[in-house]
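Heavy-atom basis, side chains included; hydrogens, waters and symmetry copies ignored.
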Amino acid sequence: MELTMAEKRDLLERIRELVMNDVLNRADRDDIFRVCLAACDRELSKMKEEGTDGT
């Protein structure tokens with residue numbers, strides 16, 4: 001499921017607010033980081049399959 005640009009902005013803003021207000025603990029932060037790494041890995045794999053290098 002692709003997110004719209006507004007949904008992406010909203011997600012980032014919500015995460016930012018949680019960070020700024022010290023709501024997230026280390027485990028939460030690590031979980032968010034793992035999700036980001038998985039998403040980046042998926043996109044890089046997709047780019048390799050399509051034969052592009054992102055530049």
Review point. Got a sec, which residues hit side chain to side chain contact (heavy atoms under 4.5 Å, CB included) with Glu7, two or more places apart in sequence or on another chain?
Key: Leu3, Thr4
Check your understanding: What residues, two or more places apart in sequence or in another chain, satisfy side chain to side chain contact (heavy atoms under 4.5 Å, CB included) together with Val23?
Key -> Leu18, Asn21
Point to revise | With Asp41 via side chain to side chain contact (heavy atoms under 4.5 Å, CB included) - residues at least two apart | key: Ser45
Study note, to complete from the structure: Shortest non-hydrogen pair, Asn25 vs Asp28, comes out as OD1-N, 2.8 Å
Practice item. Only counting residues at least two apart or in another chain, list the ones meeting salt bridge (charged side-chain N to carboxylate O under 4.0 Å, His left out) with Arg14. Key: Asp10
Check your understanding: In chain order, what residues pass the side chain to side chain contact (heavy atoms under 4.5 Å, CB included) check against Arg34, with sequence neighbours excluded?
Key -> Asp30, Asp31
Check your understanding: Measuring from Glu50:CD to Met47:CE, what's the distance to the nearest 0.5 Å?
Key -> 8.0 Å
Point to revise | Working for salt bridge (Lys or Arg N to Asp or Glu O under 4.0 Å), residues Lys46 and Glu43 | key: CA-CA 5 Å; Lys46 196 185 306 182; Glu43 286 302 310; 3.1 Å; yes
